[in-house]
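Heavy-atom basis, side chains included; hydrogens, waters and symmetry copies ignored. Numbered from 1 within each chain, the chains take letters A, B, ... in sequence-line order.
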2 protein chains.
Amino acid sequence: MREDATSDPLETVRDRGQITRRSATWNIVHAMDESAAGSGAQSIHRALTLLNLLGVMARDRPDGVTLADLAHVSGRPKASVHRVLNALVQLGYAERIEPSGRYRLGLQSQILGELAGERTDPLLRLASPSLVRIAELSEDTTFLTVRQGSFSLCARREEGFGEIRNNALAVGDRHPLGVGAGSLAILAALEDAEVEHVIEVNGEIMSRRYPRISADVLRGIVDRTRRDGYALNEGLVAPGSWAVAVIINVPGRGPTAALSVASIEPRLSGARRDELVAVMKKEASVIEASLANQQHDEGAGPVSPRAQAPRRTS
Amino acid sequence: MREDATSDPLETVRDRGQITRRSATWNIVHAMDESAAGSGAQSIHRALTLLNLLGVMARDRPDGVTLADLAHVSGRPKASVHRVLNALVQLGYAERIEPSGRYRLGLQSQILGELAGERTDPLLRLASPSLVRIAELSEDTTFLTVRQGSFSLCARREEGFGEIRNNALAVGDRHPLGVGAGSLAILAALEDAEVEHVIEVNGEIMSRRYPRISADVLRGIVDRTRRDGYALNEGLVAPGSWAVAVIINVPGRGPTAALSVASIEPRLSGARRDELVAVMKKEASVIEASLANQQHDEGAGPVSPRAQAPRRTS
DNA sequence: TATTGCCATTCCATAATACGGACCGCACTT
DNA sequence: AAGTGCGGTCCGTATTATGGAATGGCAATA
């Protein structure tokens, strides 16, 4: 499982420092994880992580992403990325734009989303109004983050209409748990043992991509989050980009989601922060309540624990 | 649901003859392919094909699909499916419904679709009006099929509002090239050498899932399609389900898509069939023309300077 | 209560598979 | 002409996935 993590990243960091693309968001926040690969499925992990990365990178690049970029950002050898990409293209999940040879997501990815969307996750549906309300009220950008193993995934983003825009986080972005306010809120809500497990599992990638956030720093902000009752990210991920987050306790799934608001320090300090947190906590409990109701509606009725779907509509 | 059909452990072939009705769609049409695995990427092939299969199956089964079903339909050992499914769940592409342990597509699949959807394939966008017109005019269900290696993928479906509904094909369904009218139209439009290559590559799966469609039968209907100028499927896939299709020559990508209309024999015979085909051919050239225009528009000028997704939907 | 089947899950020896460093050829720049 | 960065390919190695068989659990059946 060992990879020489320490050899290349330094250079990549240097490159990036010089080029400094404007939409360098994903440059900082995204990376491949091999974590929690439990049983034999590394290649699937890699392939699907790469697929997501492709989607995120291609969003800001209408012409597609080059193989080199993809390899560079994911931190994997070109040959490997190339091989995976070929498979994705063959299956239609990725697409190769012809004259340039760049890549973007393919038709099959879109269709997969449609298949998935036919039955949207209730969490997303029920959280949406809250996101909108918070965004309107705060005039800052608001996010819904969900847990995904030892990572967090930005599932929804709602623009506020204030002067300040924050591009540090977008739908589809994945971070190790603890990186970013929402992610931190989720991490802090876990049992101690599980926190340690996550830190352990993500150790390599954390030191590789976020050397400033050591295990001890992480433990520190987890503790603070627990004391405060909300998570605060003081520009740890992207300098100048602050955020606050509160946990959402999803009925049946535990504390696996978070609401967060991103902005700049002045707008997240003092009284304003407290007010914001209060509003967010209220919305979090609104979401929890409607999820609980929803679940009862579904759970009730003639269906025993093991619902065998007797009807066939078609 | 018709579980009695699946009591048969191995031979899906047999229950096809007996069951085969609408709800069992994927029972007939879906299967795993290992085809065209060119370089090393089998496991990715398997994983992503299974993912799509999960999406298609779960669409008709609100409670999700069991591992056994998935293994049965895909024709792969349970252990293998289980391993892949675990990886998919870990990554959020699949989800495990808890009390029952069944599976459905996960949040990440949905988000992937959103990432892909921000820049919809022009083909789909521009074909949509034609699909609607044909569906209205014919009062039958109309499809857009696209090539995907040695397979075809149903990308769009537009309901007609006639009395007859046809459930033999749905968005996300994949068939070996040649199976179904649209798929056949695409196959017939390929070079001879490539047709043979496809037949070769799909050989195993064809004999396993569609024993009635031998290589020679396939060559026969390809020839007929070329002579007629349109593809006709006389219930070869699902008894009683007929369809006609015409090829779409996508500028820059060649004959990789098809328009098709599915119905029953009486509605696809004689003069009506000819009229329908005429309309479809006209629409196909409309689509080809608008794609060509679109491409010129894109090719020229410095594009709309990276639109930064200003709108938030939802 | 005992039985039977179905289903998910785990194991493990084997062999197939993915891996990635090195290399190639091309297009465009200096 | 030399240099640079790109996408793509090769190929020996050892890591990895594989799937048949065995296990355990849960329900409905006898």
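- As rounded to whole Å, 11 Å separates atom C1' of D:dT9 from atom CG of A:Asn86.
- Regarding A:Arg83, its CZ atom lies at a distance of 5 Å from the C1' atom of C:dA18, rounded to whole Å.
- Summarising the geometry, the separation between CG on A:Leu67 and P on D:dG8 is reported as 6 Å, rounded to the nearest angstrom.
- Nucleotide D:dG7 holds its P atom 8 Å from the CG atom of A:Asp69, rounded to whole Å.
- Between B:His82 atom NE2 and D:dA17 atom C1' the separation is 15 Å, expressed in whole Å.
- When the side-chain nitrogen and oxygen atoms of A:Gln42 are compared with OP1 and OP2 of D:dT15, none of them lie within a distance under 4.0 Å.
- Donor-acceptor pairing under 3.5 Å, judged by distance alone, is absent between the side chain of B:Arg76 and the base of D:dG19.
- Sequence order on DNA chain C of the closest nucleotides to A:Ser43 and A:Lys78 puts A:Ser43 first from the 5' end.
- Looking at A:Asp173, its side chain does come within 3.5 Å of a backbone N or O of A:Ala170 through a donor-acceptor pair.
- Comparing B:Pro77 and A:Gly101, the nucleotide of DNA chain D nearest to each residue sits closer to the 5' end for A:Gly101.
- Per the geometry, CZ belonging to A:Arg46 stands 8 Å off C1' belonging to C:dA18, to the nearest Å.
- For the pair B:Tyr103 (side chain) and B:Leu54 (backbone), a donor-acceptor distance under 3.5 Å is absent.
- Side chain of A:Glu95 to main chain of A:Arg104: no donor-acceptor pair is present (N/O by atom type, distance under 3.5 Å, no hydrogens or angles).
- Among the protein residues, B:Ala68 comes within range of the sugar-phosphate backbone only, with heavy atoms under 4.0 Å from sugar or phosphate atoms but none that close to a base.
- Contact annotation: B:Ser80 does not reach the phosphate of D:dA17 (side-chain N/O to OP1 or OP2, under 4.0 Å).
- Listed for the B:Thr256 side chain is no donor-acceptor partner under 3.5 Å among the backbone atoms of B:Val146.
- DNA chain D is contacted by both A:Arg102 and A:Ile44; A:Arg102 maps to the nucleotide lying nearer its 5′ end (nearest heavy atom per residue).
- Between B:Leu153 and B:Gly172, the shortest heavy-atom contact is CD1-O, 3.6 Å.
- Per the geometry, NE2 belonging to A:His45 stands 15 Å off C1' belonging to D:dT16, to the nearest Å.
- Between D:dC6 and A:Tyr103, no contact under 4.0 Å exists linking OP1 or OP2 to a side-chain N or O.
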